[in-house]
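Below, read A as the first sequence line, B as the second, and so on, with proteins coming before strands; counting in each chain starts at 1. Everything numeric here is computed off the predicted structure, so don't read it as measured data. For the numbers below, each heavy atom of this structure counts, side chains included, while hydrogens, waters and symmetry mates do not.
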Amino acid sequence: MLRNLNPEQLAAVTLPAVPALILAGAGSGKTRVLTTRIAWLLQTGQVGPGGVLAVTFTNKAAKEMLTRLSSMLPVAVRGMWIGTFHGLCNRFLRAHWKLAGLAQGFQILDSSDQLSAVKRVIKGMNLDEERFVPKQVTWFIAGRKEEGERPKDVDVRDEQTRKLVEIYQTYQDQCEREGVVDFGELMLRTYELLRDNDPLREHYRRRFSHVLVDEFQDTNKLQYAWLKMFAPPGGVGQSVIAVGDDDQSIYAFRGARVGNMADFEREYRVPAVIKLEQNYRSYGHILDAANGLISRNTHRLGKVLRTDAGAGEPVRVFESTSDYAEAQWLLEEAQALHRAGTPRSEIALLYRSNAQSRVLESALFNAGLPYRVYGGLRFFERAEVKHALAYMRLLENPHDDTSFLRVVNFPARGIGARSIELLQDAARTSGRSLAQSVGAVPGKAGANLQAFVALVDGLRAATQGLTLRLIIEQVLAKTGLVDFYKTDKEGQDRIENLEELVNAAESFVTQEGFGKDAVGLPVDEHGPDATAAAAPDADTGEIMSPLAAFLTHASLEAGDNQAKTGQDAIQLMTVHSAKGLEFDAVFITGIEEGLFPHEQSLSDADGVEEERRLMYVAITRARKRLYLSFSQTRMLHGQTRYNVKSRFFDEIPADTLKWITPRQQAFGSGYAREYQQAWQRGSGLGGIVGAGRVDAPAFAQPAAPAFVAAAAGQAAGFRVGQTVFHTKFGEGVISTLEGRGADARAQVTFGRHGSKWLALAIAKLTPVD
DNA sequence: AGCACGCTATTTTTT
DNA sequence: ATAGCGTGCT
């Protein structure tokens, strides 16, 4: 188990029970160290499974840890507390819901649920949505909770804040009434209960002798305070290990405090920081570029990555005249890599902001190359899935007004905005839930409301004791959801997603660890024992219904962030979402002043330092090849911007870089001239100058004729009426053929996607026999 | 109740 | 450019 560890890794794995801070560089085998440490502790009998608490940020990281652990150890990982901050809080609060003052079987609001709950509060308080923008209010509330502040704790200095606090309080009351908690509440409740309940806190402190926190640089104030509840500085008989990389701290905007690392070192009196600087991922030039860049940051804990892998290829830099040309270039380069043997899935196109993906997507799309975009809606966030879940939540808890409002008139059943308003008024004055107040609405609408409640009540009765699968199938059929989408012209995909929901439930039920590690059912929580007579919950050990457990799972784990897998596809994502991933070849695009570093980060030095760390993260994703590109012009917000190359190019050691821009392209194009003129006018280098001429044809949207590149291509071999196969659209029939050679294009009618114009030189069309 | 038009915002995101 | 959202109209 300990073989093949380098000296630093070995030291980290076999640390004695002292507080430790492990500075784990990118690609230094961090996860391996964490899991090996736990395995080693267990195997040497220093701790039993029940004594381990390991926290991560993402479900993915938690899962990976569990998977690796169970492959290293024969024993089940059952008793260990390994999970995300929120997952573990959930587990804790399910066991101690009564002490925490929560409803039994409380449900969890995801951020969109939270947003609609906040909207409801603002409307109910008759406040102006212009002055109290729901999104910002939500952000305020989440922000306060992350700082550990209840409404009474907020520092009120102006009228606006006073009102915001009032909204916060009202929102809180509403959540209480409806038996729901948001993500911040999971953390804060857990923290408060441990803080205020001495026996309970002592119980958990005694129980967890080994506490490990992953990605410590991403923790916020509350999470650090939370950690101290489980394992305080100077705690006796406890080992606390924080693992992190200050150079990869890229989430300050959502409350992460890199400073927690330095604070941890000081407050826990960490005797020696262990640095994992041996990198097992990238070639030398790539690491040199990363090291050189990040050395420009101040206040670092200090770390230099090294490798035995050799220098490898230099980092290639490409300057283009337009975002369009940039896309075209990297597409060709990616094709070349692919032809040379790199799988497409090992090629990543990274960008600073999502808006940049469009131009890349269009280019890939028109060229017929398979690609996959990360980000966007996750499975459990899809509207139709949320609708189905809302019905299921109402089965569990009829007083969940958020869910009630979501589906009361979906599918439409003659309940309009006016009657809902009446209903809400009635509920507000009586302090009851919407479902309890339907009697207060007169007339036809009132009858419709009562019918809706009867529908849900009937479903609840009819699904009592059924398997999860049957419950969902009943919900989908009896609520009319499936019927609704059947008549909808775009409904086919949605029906498929609903079927997928049934599958998700099915695999959730059969999955190993259902309701226990995965969901956080209180299995081994007996609370404090006799020593803490005041603390134990009578309900401890109670089994959640599969339905409730599945709903929790759906909120806590929104599902895959990536589009459907299947074929070998080029990966597109923001630099943020690339964190933690690695690829053979990485293209970082749009490295321009104003974009990367982003203009909104330029106002303060901290902002630029975070952008630099972001660039550092991006660079260190690459194993073998790294490409950096920027463009003189870029279409953004409907206007052409004239950009200059990022300052980061001057901060990366020049001898790691190889500029590969063809001379005439960089300096000879019409664009470059225009750009220089703009520069001479002094009218906004790096800013908006005005709409420029586009030297390449405008992008074809997927439905419009495909752009024909001037590249050489083979158009022959197709005829009208022929059936062809396209990687993206599937099978189709050629209805028109136009042009010859490189300009040849075909109109193809696809079953699912309708009629498309495709450039034969670019699109991959294969004849079907 | 549903659609159309017009307004606005537009870094990064997990749970 | 454009997507998402709210208002107002039919």
[Y] and [X] side chains, donor-acceptor separation under 3.5 Å:
{"X": "A:Q248", "Y": "A:E215", "answer": "no"}
{"X": "A:Q328", "Y": "A:E326", "answer": "no"}
{"X": "A:Y616", "Y": "A:N297", "answer": "no"}
{"X": "A:R94", "Y": "A:N90", "answer": "yes"}

Identified salt bridge (charged side-chain N to carboxylate O under 4.0 Å, His left out) counterpart of A:E592 within the set A:R352, A:R634, A:K645
A:R634
List, with names and distances, any nitrogen or oxygen atoms from the protein found under 3.5 Å away from nitrogen or oxygen atoms belonging to nucleotides 1-6 of chain B.
from	atom 1	to	atom 2	distance (Å)
B:dA1	OP1	A:N409	ND2	3.2
B:dA1	OP2	A:N409	ND2	3.4
B:dA1	OP2	A:I415	O	3.3

Spacing between [X] atom [atom1] and [N] atom [atom2], to the nearest angstrom:
{"X": "A:D323", "N": "C:dA1", "atom1": "CG", "atom2": "P", "answer": "13 Å"}
{"X": "A:E361", "N": "C:dA1", "atom1": "CD", "atom2": "P", "answer": "18 Å"}
{"X": "A:L186", "N": "B:dT14", "atom1": "CG", "atom2": "P", "answer": "17 Å"}
{"X": "A:D128", "N": "C:dG6", "atom1": "CG", "atom2": "C1'", "answer": "13 Å"}
{"X": "A:M573", "N": "B:dT14", "atom1": "CE", "atom2": "C1'", "answer": "16 Å"}
{"X": "A:Q107", "N": "B:dT15", "atom1": "CD", "atom2": "P", "answer": "18 Å"}
{"X": "A:I108", "N": "B:dT15", "atom1": "CD1", "atom2": "C1'", "answer": "9 Å"}
{"X": "A:E381", "N": "B:dT13", "atom1": "CD", "atom2": "C1'", "answer": "10 Å"}

Contact class for A:S111 vs. all strands (heavy atom < 4.0 Å): base, sugar-phosphate, or nothing?
base
Base, sugar-phosphate alone, or nothing: which one does A:N59 contact when heavy atoms must sit under 4.0 Å apart?
sugar-phosphate
Strictly below 4.0 Å: does A:R358 bring a side-chain N or O up to OP1 or OP2 of C:dA3?
yes
Distance check: side-chain N/O of A:R254 vs OP1/OP2 of B:dT15, anything under 4.0 Å?
no
Report the C-alpha distance between A:Q356 and A:S353 in whole Å, list the side-chain angles of each, state the deciding distance to 0.1 Å, and finish with yes or no for side-chain hydrogen bond (donor to acceptor under 3.5 Å, both in side chains).
CA-CA 6 Å; A:Q356 291 166 252; A:S353 64; 3.2 Å; yes
Which protein N or O atoms sit under 3.5 Å from an N or O of nucleotides 9-12 of chain B?
from	atom 1	to	atom 2	distance (Å)
B:dT11	OP1	A:Q600	OE1	2.9
B:dT11	O4'	A:H598	NE2	3.2
B:dT11	O2	A:R352	NH1	2.5
B:dT11	O2	A:R352	NH2	2.4
B:dT12	OP1	A:N354	N	2.7
B:dT12	OP1	A:N354	ND2	2.9
B:dT12	O4'	A:R352	NH2	3.0
B:dT12	O2	A:R352	NH2	2.6

Spacing of the C1' atoms in C:dC5 and B:dT12 (rounded, Å):
23 Å
Could you tell me the separation between the NZ atom of A:K119 and the OG1 atom of A:T402, rounded to the nearest 0.5 Å?
12.0 Å
Please work out whether the ring planes of A:Y485 and A:F410 are parallel, tilted or perpendicular, with thresholds of 30° and 60°.
tilted
Classify the angle between the aromatic ring planes of A:F550 and A:F380 as parallel (below 30°), tilted (30 to 60°) or perpendicular (above 60°).
perpendicular
